[in-house]
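Data block below; observations after.
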Amino acid sequence: MAARDKFHEAVKQGLIKEKWVITHDPLNLKFGEYDQVQIDLAAERVLGAQKDGEKIAVEIKSFLNDSAIVDFHTALGQFLNYRLVLEKNEPQRILFLAVPVYAYDSFFQRELPKAIIRQYGLKLIVYDPEEEVITQWIN
């Protein structure tokens with residue numbers, strides 16, 4: 001089992017507070033004969049009379065290392081790999097990268113991360129690790 005991010009429970013609780021049902025913790029997906037990925041969380045939310053709910057997968061990052069750009073490189077690589085595997089296995093599920101509010105308000109406001117997010121179409125969940133709430137959804 002892969003190591004969980006320090007703020008795994010904070011994001012999980014934040015999603016539950018927004019009425020998401022955690023369906024997988026983690027979500028394991030195979031790709032081909034030899035490869036497997038493990039995305040931190042999968043959740044679903046039924047909207048109104050909609051039979052099939054909205055489905056998401058969430059990769060959680062803490063950005064606690066000395067270099068935010070190194071953390072971002074790792075997160076981006078995982079995100080792109082996971083998105084490709086999701087498109088093959090569960091195309092209805094949308095992948096989000098969960099980042100703490102302190103990283104979003106500083107590092108993610110710089111030009112390079114903003115350009116990369118636009119270029120690769122990253123979807124973000126911004127969370128407050130202390131309050132265990134989702135502060136922003138960025139599509």
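These values consider heavy atoms only, across backbone and side chains, with no hydrogens, waters or symmetry-generated copies. The first residue in the sequence is number 1, and the count goes up from there.
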Could you go step by step and tell me if D25 and K12 meet the side-chain contact (heavy atoms from CB on, under 4.5 Å) rule?
CA-CA 9 Å; D25 182 9; K12 185 176 175 179; 2.9 Å; yes
Distance (rounded to the nearest 0.5 Å) between [X] [atom1] and [Y] [atom2]:
X: L29; Y: I39; atom1: CG; atom2: CD1; value: 5.0 Å
X: L27; Y: E59; atom1: CG; atom2: CD; value: 10.5 Å
X: F79; Y: I116; atom1: CZ; atom2: CD1; value: 13.0 Å
X: L80; Y: L84; atom1: CG; atom2: CG; value: 9.0 Å
X: E44; Y: T23; atom1: CD; atom2: OG1; value: 6.5 Å
X: L76; Y: D71; atom1: CG; atom2: CG; value: 12.5 Å

Joint hydrophobic cluster, V21 plus I134, side-chain heavy atoms closer than 4.5 Å:
no
Check for me, please, whether I16 and V133 land in the same ILVMFWY cluster - side-chain distances under 4.5 Å, paths through other members count.
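No; V133 is not reachable from I16 via cluster members.
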Using modelled atom types only, decide if a donor and an acceptor are shared between the side chain of [X] and the backbone of [Y] within a distance under 3.5 Å.
X: D128; Y: E130; value: yes
X: K55; Y: A42; value: no
X: D40; Y: I60; value: yes

In terms of heavy-atom contacts, does CD of Q136 have more than 12 from other residues, nucleotides or ligands at under 6.0 Å?
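Yes, the 6.0 Å shell around CD holds more than 12 heavy atoms from other groups.
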Residues in ring-ring contact (aromatic ring centres under 6.0 Å, His included) contact with Y82, at least two apart in sequence or another chain
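Listed in chain order: nothing, the list is empty.
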Kindly list each side-chain donor-acceptor pair under 3.5 angstrom involving residues 120-127, sequence neighbours excluded, with atom names and distances?
residue, atom, partner, partner atom, Å
Y127, OH, K61, O, 2.7

Show the nearest heavy-atom pair for residues A75 and F63, with the distance to one decimal.
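Here A75 and F63 meet closest at CB-CZ, 4.5 Å.
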Closest heavy-atom contact between F72 and P113?
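Smallest interatomic distance, heavy atoms only, reads CE2-CA, 4.1 Å.
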Given side chains that start at C-beta, do those of L112 and I69 come closer than 4.5 Å, heavy atoms only?
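Yes, their side chains come closer than 4.5 Å.
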Let me have the donor-acceptor pairs involving side chains of residues 87-104, under 3.5 Å, with sequence neighbours excluded, atom names and distances please.
residue, atom, partner, partner atom, Å
N89, ND2, K30, O, 3.0
N89, ND2, V85, O, 3.0
E90, OE1, R93, NE, 2.7
E90, OE1, R93, NH2, 2.9
R93, NH1, A43, O, 3.4
R93, NH1, I56, O, 3.0
Y102, OH, S62, O, 2.5

